[in-house]
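Naming convention: chains lettered A, B, ... in sequence-line order (proteins, then strands); numbering from 1 in each chain. Scope of the values below: all heavy atoms of this structure, side chains included, with no hydrogens, waters or symmetry mates.
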There are 2 protein chains.
Amino acid sequence: MVTIHEVAARAGVSAATVSRFLRGRRVRASAAIQTAVDELGYSPSAAAQSLKSGRTYTIGVVVPDITNPYFAAVVKGMESVTRTEPYRILLANSDESGEREDDVIADMVRRVDGIVLAPATEQDRTPLNVRDAGVPLVFVDRDLADGEDFDAILVDNAGGARQAAEHLMGLGHTRIAAISGPVDTTPGRRRREGFLETLAAAGIGIAPEHDLIGDFREQSGYQLTLSLLSLPEPPTAVFTANNLMTLGALKALHDMRVGVPDEISLIGFDDLDTGPLLRPPLTVIDRPMVEQGVLAMRLLLRRLDPRHVDDMPRRVVLGTKLVDRASTAPPRTSPAGTAAPSPAGRTRAR
Amino acid sequence: MVTIHEVAARAGVSAATVSRFLRGRRVRASAAIQTAVDELGYSPSAAAQSLKSGRTYTIGVVVPDITNPYFAAVVKGMESVTRTEPYRILLANSDESGEREDDVIADMVRRVDGIVLAPATEQDRTPLNVRDAGVPLVFVDRDLADGEDFDAILVDNAGGARQAAEHLMGLGHTRIAAISGPVDTTPGRRRREGFLETLAAAGIGIAPEHDLIGDFREQSGYQLTLSLLSLPEPPTAVFTANNLMTLGALKALHDMRVGVPDEISLIGFDDLDTGPLLRPPLTVIDRPMVEQGVLAMRLLLRRLDPRHVDDMPRRVVLGTKLVDRASTAPPRTSPAGTAAPSPAGRTRAR
DNA sequence: CAGGGTGCTGACAACGATTTCACTTGCCGG
DNA sequence: CCGGCAAGTGAAATCGTTGTCAGCACCCTG
C-alpha cells in the first residue's frame, strides 16, 4: 500500500503539501505531485480518512429480502442516488428476522454514516439504539408502532387495501378472503386493517376462517390458499397482501385446477414485472418502488447535511394505484342469500 | 462517540488492557471493564481498527443490475455466506456500463478486502488494476477474454445454449432465430456461439436477419422480437439469451397476438420465479443462481486467508438444465423443403 | 529464602491522512 | 529600500485502536 508520505518523498515535498494538493488547494509543486501520484498509483486510505474525519461515506441498507422484486427495486433506487454522491451502500438482508436485524445493525452502526431500514417488526427496539449511537435513520416501506419521530418513506397501505376491497365488492363478491402479512409489521397490519374495515363498513363481514395471516413468503401464500380451498365454503375472491404471497396463491390455484378468475378472483398488493404475462394477468395494487428508494436515500443524505440534522422528522406517504388486469371478475354463482349485481362498464387494461 | 480511553478511565485501567479484554485475553479487571463497556455503550471504531489492521471486513460486489432476478439471487447467496463471517457487502450496480464499473471499483478498492465482479465486458481492464492494488477478485457469471488466471464461478453458457438449440431442432424447427446478449460479454458471446454452432453442426443455418444482438434488457428483447415479426419470413422459434430479454420477447409476442408456442416457440436462458405461471409456462435453460453467489463468496473469503492467497486460480463451471414447460412445440407448418418430424413421447412439466 | 517463572500491566509507538500553527518567501507600495 | 501582506510551506498533533516492550508482583520450587 502506497502512502501519502511516499508520494511526498518522491515529489520532494511534505505530506501536508500533498494532502493540500489533493484537496484542491493551490500548491507550488503540483506538477511534480501529480506525476508522483500517477507513477505510484496512489489513492488515499479510506480507513485513515474515516478515522480523521469521522465520516465513512457509507450508507447501511437493511431489507428483509433482496430477491423480493419490490426490495430489489427499492435498493436500485437508493443506489441510483449514490451515483452522483460519494456514498456507497452496505447491504444486508434481515430475512424478516428481528434478531438477524439486530446483529447486522449493531455492526453497521460502527461503519456507516446513516441507515435505511425496513424494520422486521413494529415493536423493533433496534432503531432506538441506532438513534442513541447518533446514526441517522430512515424507514422505508415499514414503520415502528411509535415511529412518528423517525424519518420515513411509506405507502398508503390501508388505502391500497381499501382499493382492493372496493374493487372486489364492486364486482359483487361477498365471500372474500384475505391472506395478510405478519400483523407486527406495518404493511401486514395496515393492509389487513384497511381491507377488513372496508368490508365491514360496507356491511360485508369476513368469516374467521377467511381471515388468514401469512409471512410474506411465497410458500405461505401457497399453503394458506390450499387451506382456503379445502374449506366447505371457499371464498369467491382472495386478497393477498404482497407480491410473493400472490404468486404462491396463484400457484396453489393452478395446482388445484381452480379457474382464475372464473371460480376465484385474485387481487394482490404490489405489481410484478411479469404481472401482465401471467395466467391470468394479475389485477394488483401498484405503488412506486424505485421511487421509494430514491426518496429514502435523498432524505437520508439530506439528514447527513449538518444544516438539516435537526429538521423535523419528515414522513412521506405515497399513494397506490389499482391496476385492473384479468385475475378478478364477478363471482360465478351468487353467494347464498345475496343477489349478484351486474357490474356495468368495467374496462380492463388489455 | 465513546472511545476505548473513556472505558479505560472508568474501569481504572489503561486502554491497552481494555483492548486486551475485548480481544478475549485474560485480564484482572474484567468485571469492571465489562461494566464500563455496558454503561458507556462502547463499541470500537471500525475506522480505527481498519487503519491499524489493514482489513476492512468488507467485500465489494458489483453486478450489472440488482433488479435482475438472477443477480438478486446471486447477491442473496453471497450475503448468506457472510452471515457466519464478520464480513459485510458493499453493493453497486454497473448498469452494464464499463465506465460506471471503473468508477465504482476505483472507489471500492480503497475500502474493501476483496471484490466479486460480473465484468461489464470481456475486454474490461479494470480487473488488472484491482489485482495490482492487491485486492483479491472473483468473477461471477462473466469472465475476461484472457481471464484464465482469475478466480471465477461460471456456468456452461455454450452447453446451455446447445441444449436450447437441440431442443428446438428436436421439435423440428429449422427457421430459428436467436436474440443474443452483447458479444463483448461472456454470456452474450458464449451463448450465441454455442447456439449457432449447434445449429450449424446439424446442417441448419441461421439467416443473418435472424441472428440478433440485444443488450440483456427487457426493452431490447421486445424491440428485436418485433423486428423478427415484421420479417417477410419470420422464424418459427426464438432463443433469447437471458431472462429479461425473454420477458420482452414474450410481451412483444403477446402484443402482436402471436400464439406461443402455436405460431412461434420461445426458449430462454435463465429461469424466472414466475416461469411456470406465465402464458404459456416458459421453457428455459435453468442454472444454479443462489449457489453461484455462495460459491463466489466462499472462494473469495478463502482467498483472503493468508494460507490460500497464492493458490492456483480456481475456476468453477456449473452445468445447466433444460426445463421443458410449454412455450415450445413443433412448428405448425413445415418449413419449405423440410418434412415436419413427429416428436413422439414428449412429456412436459405440468 | 533466593531465584526464576508466570501472568498482568501501562507507556508508547505505530497505522495514514488532515489540520493547525508558526514560519519563510516573494512581491508590492510607500 | 524597507515594512507589510499574501501565498505557500513543513513539523507536529490528532483521530481510536492495537501491538510491542519493559516492568512489576506474585507464586512455586529447590
Side-chain angles (χ1 to χ4, degrees), chain A residues 1-38 40-58 86 88 106-113 133-135 306, chain B residues 1-37 40-58 86 106-113 133-135 306:
Chain A
M1 153 141 281
V2 25
T3 77
I4 201 171
H5 285 98
E6 303 173 43
V7 176
R10 179 177 271 246
V13 295
S14 75
T17 299
V18 176
S19 174
R20 278 187 282 254
F21 167 73
L22 291 172
R23 326 215 61 203
R25 297 255 299 279
R26 191 148 44 185
V27 141
R28 217 122 50 199
S30 48
I33 298 177
Q34 185 61 60
T35 310
V37 166
D38 293 342
L40 261 27
Y42 167 78
S43 81
S45 145
Q49 287 180 320
S50 289
L51 177 58
K52 195 72 181 51
S53 69
R55 303 207 115 195
T56 61
Y57 292 98
T58 304
R88 292 274 99 86
D107 179 60
M108 275 193 174
V109 161
R110 312 186 315 123
R111 334 172 149 221
V112 302
D113 292 340
V135 176
Chain B
M1 154 143 277
V2 24
T3 76
I4 201 172
H5 286 100
E6 301 174 44
V7 176
R10 180 178 269 245
V13 295
S14 77
T17 299
V18 177
S19 174
R20 278 187 283 256
F21 168 75
L22 293 172
R23 325 215 69 215
R25 298 257 297 281
R26 192 152 37 191
V27 142
R28 217 123 51 198
S30 49
I33 297 177
Q34 185 61 61
T35 311
V37 166
L40 261 25
Y42 167 78
S43 80
S45 146
Q49 287 180 319
S50 290
L51 178 58
K52 197 72 177 59
S53 69
R55 304 208 114 198
T56 61
Y57 292 99
T58 304
D107 179 61
M108 275 193 174
V109 161
R110 312 185 316 121
R111 332 171 148 222
V112 302
D113 292 342
V135 176

What nucleic acid atoms does [X] come within less than 4.0 Å of, heavy atoms only: base, sugar-phosphate, or nothing?
X       : result
B:Arg23 : sugar-phosphate
B:Ala8  : nothing
B:Arg26 : sugar-phosphate
B:Tyr42 : sugar-phosphate

Notebook entry, point to check: Between B:Val37 and B:Val7, which heavy-atom pair has the shortest distance, and what is it?
Noted result: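 Smallest heavy-atom distance, with atoms named: CG2-CG1, 3.8 Å.
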Next item on the list: Heavy atoms only: give me the nearest B:Pro86-A:Arg111 pair and the separation to one decimal.
Entry: O-NH2, 3.6 Å
Item checked: Whichever of B:Lys52 and B:Val27 has its nearest DNA chain C nucleotide further upstream toward 5' ->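 Mapping each residue to its closest nucleotide by heavy atoms, the 5'-most match is B:Val27.
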Nearest whole angstrom, please: distance from the [atom2] of [N] to the [atom1] of [X].
X       : N      : atom1 : atom2 : result
B:Ile4  : D:dG19 : CD1   : C1'   : 12 Å
A:His5  : D:dA13 : NE2   : P     : 13 Å
B:Leu22 : D:dT17 : CG    : P     : 9 Å
B:Met1  : D:dT14 : CE    : C1'   : 16 Å
A:Arg55 : D:dG16 : CZ    : P     : 16 Å
B:Leu40 : D:dG16 : CG    : C1'   : 15 Å
A:Phe21 : D:dG8  : CZ    : P     : 13 Å
B:Ile33 : D:dT17 : CD1   : P     : 14 Å

Verify the contact: side-chain N or O of [X] to OP1 or OP2 of [N], cut-off strictly under 4.0 Å; return yes or no.
X       : N      : value
B:Ser45 : D:dG16 : no
A:Ser19 : C:dT18 : yes
B:Thr3  : D:dG16 : no
A:Thr17 : D:dG10 : yes

Would a distance-only check, ignoring hydrogens and angles, find a side-chain to backbone donor-acceptor pair under 3.5 Å from [X] to [Y]?
X       : Y        : result
A:Gln34 : A:Ala31  : no
B:Arg55 : B:Asp113 : no
B:Ser19 : B:Ala15  : no

From [options], nucleotide with atom closest to [X] side chain:
X       : options                : value
B:Ala15 : D:dT18, C:dA11, C:dG16 : D:dT18
B:Leu51 : C:dG10, D:dA11, C:dC15 : C:dC15
A:Gln49 : C:dA11, C:dT18, D:dT17 : C:dT18

Notebook entry, point to check: Hey, is the side chain of A:Arg28 pairing donor to acceptor with the base of C:dG26 inside 3.5 Å?
Noted result: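 Answer no: no donor N or O sits under 3.5 Å from an acceptor.
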Note to self: Is it the case that the base of D:dG19 and the side chain of B:Arg20 share a donor-acceptor contact (distance under 3.5 Å, atom types as modelled)?
What the structure shows: no
Check: Is any side-chain heavy atom of A:Val13 less than 4.5 Å from a side-chain heavy atom of A:Phe21?
Finding: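 Heavy-atom side-chain distance check fails, nothing below 4.5 Å.
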